[in-house]
Every structure is written in structure tokens, then in C-alpha cells.
Amino acid sequence: MAYYRIQTVSQMPDPDIRICSDVAGFVSAWAGMAISIVNSPVNTILFSFATARHRSWKWTVAPAAFYFFAVLMIIKADPPQRGAIEGGRMEAAAKITQTLTRIQLHAERICMLRGEGYESGALKAQISALRQWDADHAKMVAIPDWVSMCWFGHPHLNLFGFLGWFQASCMALNDTY
């Protein structure tokens with residue numbers, strides 16, 4: 001009976017599709033990080049150059065100091081156990097994916113040999129382990145996410161935007177007087 005349920009469920013994707021989607025997510029995450037690492041200093045340098053073109057060199061210090069301070073605050077807010085928790089979450093998720101793939105590929109044999117109880121128990125244990133890792137992860141990222149959101153998160157209410165508006169206002173007052 002379980003074999004026929006697995007065969008008729010259309011939400012369970014092919015193992016090759018799951019592997020391809022995992023690889024695509026990994027590559028896009030690393031590409032996005034590389035673009036951000038390159039884009040932030042380049043924008044800071046270009047903005048500093050545009051700011052200092054007709055003004056004193058002191059105007060160029062604010063964007064660079066802000067960028068340095070923001071990165072330093074985000075690094076300091078990141079807890080030291082982050083790597084272990086992220087690794088545990090990834091390992092638990094990989095075990096669940098491996099079990100689901102095994103069940104999907106060998107569903108007929110599992111049902112014929114009456115192994116549903118073992119597979120169901122293993123899957124439940126792996127899901128509970130993943131839930132525990134997710135709970136630990138949620139506790140760990142609360143403060144770093146808040147710090148990151150304060151600096152860059154909200155499109156209208158963030159420190160990065162306030163600094164830009166403050167500097168633009170100072171430059172406008174400097175030009176006026």
C-alpha cells in the first residue's frame with residue numbers, strides 16, 4: 001500500500017531534480033556573496049570619489065569608516081558556534097534527502113519486505129534531529145539578524161540610508177553656506 005502511495009504522490013520530485021536544485025541553490029548563494037563582496041567596496045570608493053571631487057578630502061572618510069564599522073559590527077555579532085550549528089543543520093537535511101531518495105528508489109522492495117516501519121522510524125528520527133538543529137539555529141541567529149537588519153535590512157529605516165541622508169544634508173548645507 002505504501003509503495004502505491006509513493007508512486008502516486010506528485011509532490012515528491014525525482015532525485016536528480018533535487019540534486020540539481022541543491023547545486024543551483026549553492027552556486028547562486030556563492031555567486032551572490034561574491035557579487036556583494038566586490039560591489040560594496042567599489043560603491044564605497046566611487047561614492048567617496050564623487051563626494052570629494054569638489055570638496056575637502058574629509059568627506060571621503062565617512063563612507064569608508066561606515067563600511068568598515070558596519071562590517072566589524074556584523075562580524076562581532078556573529079556567534080562562534082555558527083559553523084557547528086549550520087553544519088549540523090546541513091547534515092540533518094542531507095540525511096533526510098538521502099532517506100527520501102532511498103525510499104523513492106526502493107519503494108517496491110521496502111514494501112515487499114515489510115520495511116515500512118524501519119524507514120518510517122528512521123525518517124521520524126531524522127526529522128526530529130532537523131527540528132532540533134533548526135531551533136538551535138533560530139536562537140543563534142536572532143541577534144546577528146537584528147544587527148544586519150538595523151544596518152541594511154529595511155529599505156527605508158536603516159542606518160546605511162540614514163548615514164547617506166545625513167551626509168547629503170551636510171554637503172547641501174556646506175554648498176549653501
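Numbers here are sequence positions counted from 1.
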Who passes side-chain contact (heavy atoms from CB on, under 4.5 Å) against Glu86, sequence neighbours left out? Arg82, Arg89, His137, Met140
Minimum heavy-atom separation for Ala93 to Leu130, with atom names? N-CD1, 4.0 Å
Minimum heavy-atom distance between Ile110 and Arg102, given as atom pair plus value: CD1-O, 4.3 Å
Is the shortest side-chain heavy-atom distance between Leu100 and Gln104 below 4.5 Å? no
Please determine whether residues Phe26 and Met90 belong to a single hydrophobic cluster, defined as Ile, Leu, Val, Met, Phe, Trp and Tyr linked transitively by side-chain heavy-atom distances below 4.5 Å. no
Between the OG1 atom in Thr101 and the NE2 atom in His106, the distance rounded to the nearest 0.5 Å is 9.5 Å
Looking only at heavy atoms, the pair that brings Ala92 and Trp133 closest together is CB-CD1, 3.9 Å
Can you measure from OG1 (Thr99) to NZ (Lys124) and round to the nearest 0.5 angstrom? 14.0 Å
